[in-house]
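Positions are given from 1 along the sequence.
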Amino acid sequence: MAVESDLAPPLSSPAPGPGALSDRLTSVLRHDLPASIVVFLVALPLSLGIALASGAPVAAGLIAAVIGGIVAGTLGGSVLQVSGPAAGLTVVVAESIDKFGWGVTGFIVVAAGVLQIVFGLSRVARAALAVAPVVVHAMLAGIGVTIALQQIHVLLGGASHSSAWNNLVELPGQLISLHGGDALVGAVVIAVMLGWRYTPEKIRVVPGPLVAVFIGTLLSMVLPTRVERIVLDGSLFDAVGLPQIPDGGWSSVAIMVLTIALIASVESLLSAVAVDKMHTGRRTNFDRELIGQGSANVLSGLLGGLPVTGVIVRSATNVQAGARSRASAIMHGVWVLLFSVALVGVVQQIPKAALAGLLIVIGIQLVKLAHIKLARRTGDLLVYAATILGVVFLNLLEGVMIGLALAFGLLLWRVVRVAITAKQIPQSQRWLVTIDGSCTFLALPKLSAELAKVPEGADVTVEMTVDFLDHAAFEAIEEWVRQQEHGGGSVEFVEIGTVRMADALAGPPARGFGRAVWDEILGPWRREDEHPNPLAAGVAAFHRSHAHVVRPHLDGLADRQDPDSFFLTCSDSRIVPNVITNSGPGDLFTVRNVGNLVPEAGDASVEAALVFALEELNVRSVVVCGHSSCGAMKALYSGADTGPGIEPWLAHAHPSLDRFRAGHPVAEAARAAGYGEVDQLSMVNVALQLETLHRHPAVRRAVLERGVRVSGLFFDIANARVIEVTVDGLARIGDADQAAVPALV
């Protein structure tokens, strides 16, 4: 669902014309107005229940819902996110009220809002997303468990206790002394909430929480027993009150401010990320979102409301109801305000047990089986369990900190883990030590234990596939090398990874990244190095880092070769056959000449190699590979004088030029794909060499008797892409139908 408009466009946007304003108004009336009513119906009972669960005045939840909808909806960076009091802060707010009182809690909410605005202005909003998802999931689950333990007492006709442990310990006694009317109302609400998903789709248009609370309220009116109801002291305006400045304990207040600011910010940002995944319109501006949330919290705290966050339940409802702009969130806040002022008597008819049943279901739904399964699959179950236990039995901040500490420790263990082995090479006196991973001081116990296995004086190959090497590990290896050589042995280093022993003392240790290995292997010699003999330097680098890897593959080819393909390509230095075919030693029997030509007469070199490959080596395929920006084809196309050394050779390519000028189908396909005329000629040249090969007696015999495949390739150097060339067209590699490709570039 796309977002077509935003009621708060950037100030630099041009003024919309009359037609645009009319379209926007139509969209608001058609989409946002109905969505705002649906969101209002969901938000109303949730706001009341969250206030009740927090131990705050009931009106505080309504004030937060109004301000969250209007202020955060107007100033926030998410077009479709809906803000208000959230279950995620229930435990923290309850703790704040219990410790500081309601008045000081209002001050804390204001200060947390100011801190959120600072976060937004500092442009650090995305840093709040750098929290392990397993910790966030476990935090929400812990909050859900805490809410359920609190509200089960209210549902049974009692009052919640100050801690989850007390709620758990006192539960058996509460069950014995339950109040039947409250328990029945709460049970009915839970049954309606759980069963609402199974009702027909047309009925589910009405929000389940609203239906559950409405049925629970009606039931409470006909029951013969007394049911405890919500108490509102006057209208919403009567509940408005300024916060109280603390008279001491500022360190505890500061911790609570930081806790509320961080949790509200993370919950709002995660909710915004989730909402972005639900629609295809404008993405969230995270810094602006924090400024909007902070502004809403400042005003909510000043007026006596609960903390405000982006709420995924309301936001998802908003998207699903068809909202197109922030007008829906704003209007939902207006509807909450009108209802709270004009229909206070209706609110006071709602039983506390009905809201308790609603919150129990919401709390249970915060514990998601999918998250537990994911944590188990990813090895994070310990982090998940520790975070939940910390949130439930300590407090939310300590639980989250425990989870983050465990997650960081687990991450550190996984990232710096190194595999070290030392073993004697079979049928040899030589030993092989392999070090794979991040070699740090944490690996010293394992490193010393493995190195101790190597006999003194033995010859050793140390294979290092290391991406990080700190000074402690370097010194341990160096000291072992000195001892080994002092005892008469030798140590040869094979450095396959990105980090080199020779660079370990050149500066602070730094992680080498895998791309550097491929750049070193595949890239050309660096001209800026100005090495006096780059070829010798390359051989030395090969011996140091790659020879050890290639050696096992070459061992089996020492006395024989069994290539798969005869590969004829141009002498151009930019073509590396084994790289573009992802092949290794012994796979290709390669022949190179200027222009990748197959002369029908007058050249014994290609003829000898082709016959030897087919009849002695029994290759399974014959390949001709041309390339873009070919110098031979440029000279052929321009007709330039190439001199007596080249001109006779290029005469073998004149048929290719004639067929190109005659409109060869390969040239037409290449032109349609956007290639220039020289590259078109190169592709036609490949097609002509294929025709020549098909006429060759040895090739025809191999095709008939052994099913040898003859194919052509074209390497686009600039794009590093290989295209198949047939005798009459082009095809993407792997295309089953080998259809012509009109848009290859």
Side-chain angles (χ1 to χ4, degrees), residues 378-379 382 406 408-518 520-521 539-559 584-585:
T378 57
L382 176 62
L406 277 176
F408 181 77
L410 186 61
L411 173 66
L412 186 66
W413 179 76
R414 288 170 173 169
V415 170
V416 304
R417 187 169 49 178
V418 60
I420 305 171
T421 61
K423 59 184 179 181
Q424 186 174 0
I425 300 174
Q427 300 178 347
S428 171
Q429 297 299 313
R430 195 173 191 86
W431 278 69
L432 174 65
V433 175
T434 61
I435 306 174
D436 191 350
S438 299
C439 197
T440 69
F441 66 92
L442 297 174
L444 291 182
K446 187 173 185 179
L447 178 64
S448 61
E450 289 297 316
L451 294 180
K453 295 179 181 179
V454 181
E456 184 178 352
D459 295 328
V460 187
T461 297
V462 180
E463 179 185 295
M464 297 183 65
T465 312
V466 175
D467 59 5
F468 187 89
L469 178 68
D470 70 3
H471 295 154
F474 168 79
E475 289 181 359
I477 296 172
E478 279 286 281
E479 178 61 26
W480 173 80
V481 170
R482 281 195 295 269
Q483 293 178 359
Q484 201 67 21
E485 291 177 344
H486 180 73
S490 65
V491 179
E492 174 193 8
F493 280 93
V494 177
E495 297 176 297
I496 304 171
T498 52
V499 175
R500 300 286 181 261
M501 287 282 290
D503 301 331
L505 298 180
R511 180 174 296 279
F513 296 97
R515 177 60 182 263
V517 175
W518 290 107
E520 181 179 329
I521 296 173
V539 171
F542 166 73
H543 287 161
R544 183 180 66 247
S545 58
H546 309 143
H548 184 70
V549 178
V550 177
R551 190 176 299 135
H553 303 288
L554 292 175
D555 281 346
L557 300 174
D559 300 319

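Evaluation of the side-chain contact (heavy atoms from CB on, under 4.5 Å) rule for Ala449 yields no partner, not counting sequence neighbours. Remark: Gln483 pairs with Glu479 by the side chain to side chain donor-acceptor pair (under 3.5 Å) rule, at least two apart or across chains. By the side-chain contact (heavy atoms from CB on, under 4.5 Å) test, Leu451 pairs with Val433, Leu447, Trp480, sequence neighbours left out. Taking the side-chain contact (heavy atoms from CB on, under 4.5 Å) definition, one finds that Phe408 meets it with nothing, sequence neighbours left out. Here Asp459 pairs with Ser490 under the side chain to side chain donor-acceptor pair (under 3.5 Å) rule; sequence neighbours left out. For Glu492, the salt bridge (charged side-chain N to carboxylate O under 4.0 Å, His left out) partners at least two apart in sequence or on another chain are Arg430. Under the rule for a side-chain contact (heavy atoms from CB on, under 4.5 Å), the partners of Val481 that lie at least two apart in sequence or sit in another chain are Ile477, Glu485, Val491, Phe493.
Across Ala443 and Ile420, no two heavy atoms sit closer than the pair O-CD1, 4.3 Å. Of all the heavy atoms in Glu495 and Met501, the pair that sits closest is OE2-N, 2.5 Å. Of all non-hydrogen atoms in Leu432 and Glu463, the two that sit nearest each other are CD1-CB, 4.2 Å. For Arg414 against Thr378, the heavy-atom pair with the smallest separation is NH2-O, 2.9 Å. The two residues Leu469 and Phe474 have their closest heavy-atom pair at CD1-N, 4.0 Å.
Residue pairs meeting the side-chain hydrogen bond (donor to acceptor under 3.5 Å, both in side chains) criterion with at least one partner in residues 415-424, sequence neighbours excluded, are Thr421-Thr434. Among pairs with a residue in residues 443-452, those fulfilling side-chain hydrogen bond (donor to acceptor under 3.5 Å, both in side chains) read Glu450-Lys453, at least two apart in sequence or across chains.
Contact of the Val418 side chain with the Ser438 side chain is not registered, since no non-hydrogen atoms from C-beta on lie closer than 4.5 Å. Here the side chains of Val462 and Ile435 are in contact, with some heavy-atom distance below 4.5 Å. Here the side chains of Gln484 and Val454 are in contact, with some heavy-atom distance below 4.5 Å. Phe468 is listed as a side-chain neighbour of Pro509, based on a closest heavy-atom distance under 4.5 Å.
The closest donor-acceptor contact from the side chain of Asp470 to the backbone of Phe441 lies under 3.5 Å. With His471 contributing its side chain and Leu505 its backbone, the two residues share no donor-acceptor pair below 3.5 Å. For Gln429 (side chain) and Ala458 (main-chain N/O), no donor-acceptor pair under 3.5 Å exists by modelled atom type. No donor-acceptor distance shorter than 3.5 angstrom exists from the side chain of Glu456 to the backbone of His486, with no hydrogens or angles considered.
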